[in-house]
Structures are given as C-alpha cells and as structure tokens.
Amino acid sequence: VLTDSGIMDLVRANRRDEAVAALLPLFRRKVFGLAYSYLRNRDAAEDVTQEIFIKVWRALPDFDGRAAMSTWIYTITRNTSLSALRSRRQHSSLSDPQVLAEADLVPDTTPAQEAELDRPALLRLVNQLPAKQRQVVMLFYMEEQSHEAVAALLAMPVGTVKTLLHRARAQLSAAV
Amino acid sequence: MTEPDKLDQHLAALFARLDTRPDFNARLLARLHVEAQKDALAAANRARREEEARYRAARRELRTTRHWKNVLGRLLSGECFGVSTLELAGGAALGIGAVASILR
C-alpha cells in the first residue's frame, strides 16, 4: 500500500495512471459509497465515481499535501456528487421506481429465517430519513460500522455522526 | 437477538456489500488512457497554433521590412536615377530657355 508521498513520487515521475491505479483499492468503494449516499442511484453514483477519479488524475500534480490525500479525495467526491445531484435535479420520491429497484441490486446475504423485514421496505424507510441521517446510516453500514470512517467521509465530528446515527436508528426502530 | 441487533443486521445486509461493478477499474483506466491521448492532442494543437501565430508574425515583419527595402531600392535604382537626371535636365533646359528669351 502506497503512502501519500509514494503516490506523489509516481506523479512526479509522470506515472499518473499508476498513481490512480494505486489509489483505487484504497478509495474506490469509499468514494462510490459517498457518491451513492448523495445520489441514491447506483448507475449515477458509478458514473460520478468515474468522474471523480478522472478529476483526481487531472488534479494530482497540483496536490500540495497540506491535507491528507484521503481528505482531498473526499472533498472532491462531496463537491462532484453535489453538482451531479443538482444537475440531475433528481429528488427521488418514494414512488420512484429507480429507488425501489436499488434494493434488488445489493445481493441479499441475510439468512432466510432472519429476513422477515423486506429490503425494499427498509430502503424506503432509510430514504425517508432526513438527508444527513440517511447518509450517516448508509455509510456507517458500508464502512464496517466505523463512526470515525463516516466522520472522515462527511467531514463532520465523530460526535455528530453518533448523534445522527442514534436518531436515525431510533426512527427506523420505531418504523419497523 | 434484540430488535436493534436485528435492525443492524438488516441495514448491514442492505449496504455492506454495496460496491461498483467488477469492471469498474478497467473502464476507468481505459478512460484515463483516452483522456491522456486527448490531452496530448490538445497540447499538440495548442503548440501548432502558437507556432502558426509566430510564423504569421514573422512573415508580417519580414514583409514590412522587405517593402521598405524595395521602396528604397527603387529610389536608388539606375532607372530612378535616369528619370531624375532627365527631369533635372528638362528643368534646366526650360530655365535656360526662359533666361535666353529675357536677354533677347
């Protein structure tokens, strides 16, 4: 695994493609998850993730190392996802078939006897949460339930993540 | 298992495996290759345009210099000198004729 300076050594050696290839295993899923938490659409999130890595590839020579590379990449991800969201003007409603179809795209690994809560219904409930709570829930369960990882992705204090998650879970529990 | 545990499990099942399609990296690297080619082409076009602008400026400069050289050259040419001499001689002849007619 390359460090930030290792990545920059590749960039300085005019090997930007290799630098991005080294970043992919570290950040692909996090970037995709963060984009998905904004866009709530798998295809759109994947397209935006591609755009983000192309932006990273273009901007790498200008990376000044003042912040960690992860912080820099997450900032690009949030900004790009927000612009994509604005340009799509997609305010997914509960009746949006695309949102409901999302539930089928994630493979179901829950044992049959425990799968009494149906997935589209749960996704619908998550989608009903306020935006920040929804993002925290999605990222928390994507990121192996780490408050710190979610805080880094959303650039918010760990305490805020915990509060948002607590409220979201209370709301979901009540609804379930 | 408590209700919150169950909820955790369901939410984890919903989001924990969310990932890009398997060919994501290959598609991205292919796009980066295309972008690099586009950048190289754009850089080459930019360099060509700059070179063309430099060439045009140099030609303009050269044409101006050549123009003045030609003007000066023409003025100093034998042909020009001959015409000037004839004009002077004609003028002198007219002057002499006029003086002669007064004296007469």
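Per chain, numbering begins at 1; letters A, B, ... match sequence-line order. Predicted model only: the values in this text are computed from it and were never measured.
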(request) Can you check whether anything in residues 28-64 of chain B gets within less than 4.5 Å of chain A, heavy-atom wise, and list it by number? (result) B:L28, B:L29, B:R31, B:L32, B:E35, B:A36, B:D39
(request) Report yes or no: does A:R119 contribute a side-chain atom to a donor-acceptor pair with the main-chain N or O of B:H10 at less than 3.5 Å? (result) no
(message) Could you walk me through whether A:L139 and B:F15 satisfy the side-chain contact (heavy atoms from CB on, under 4.5 Å) test, starting with their C-alpha distance in whole Å, then the side-chain angles of each, then the deciding distance to 0.1 Å, before giving a yes or no?
(response) CA-CA 8 Å; A:L139 294 170; B:F15 297 116; over 6 Å; no
(message) If hydrophobic clusters are built from ILVMFWY residues whose side chains come within less than 4.5 Å, do A:V136 and A:V158 share one?
(response) no
(request) Assess whether atom CZ of B:R27 is packed by more than 12 heavy atoms of other residues, nucleotides or ligands within 6.0 Å. (result) yes
(request) Report, by ascending residue number, the residues of residues 19-26 of chain B in heavy-atom contact with chain A at a distance under 4.5 Å; give 'none' if the set is empty. (result) B:D19, B:T20, B:R21, B:F24, B:N25
(request) Could you list which of residues 53-74 of chain A have a heavy atom closer than 4.5 Å to any heavy atom of chain B, in residue-number order? (result) A:F53, A:I54, A:W57, A:R58
(request) Return each pair, listed once, that meets ring pair (Phe, Tyr, Trp, His ring centres under 6.0 Å) where at least one residue sits in residues 151-176 of chain A; pairs must be two or more places apart or across chains. (result) none
(message) Distance check, rounded to the nearest 0.5 Å: A:M138 atom CE versus B:L18 atom CG?
(response) 8.5 Å
(request) Side chain from CB out, backbone as N, CA, C, O: work out which of these in A:E144 comes under 4.5 Å of a heavy atom of chain B, or both, or neither. (result) neither
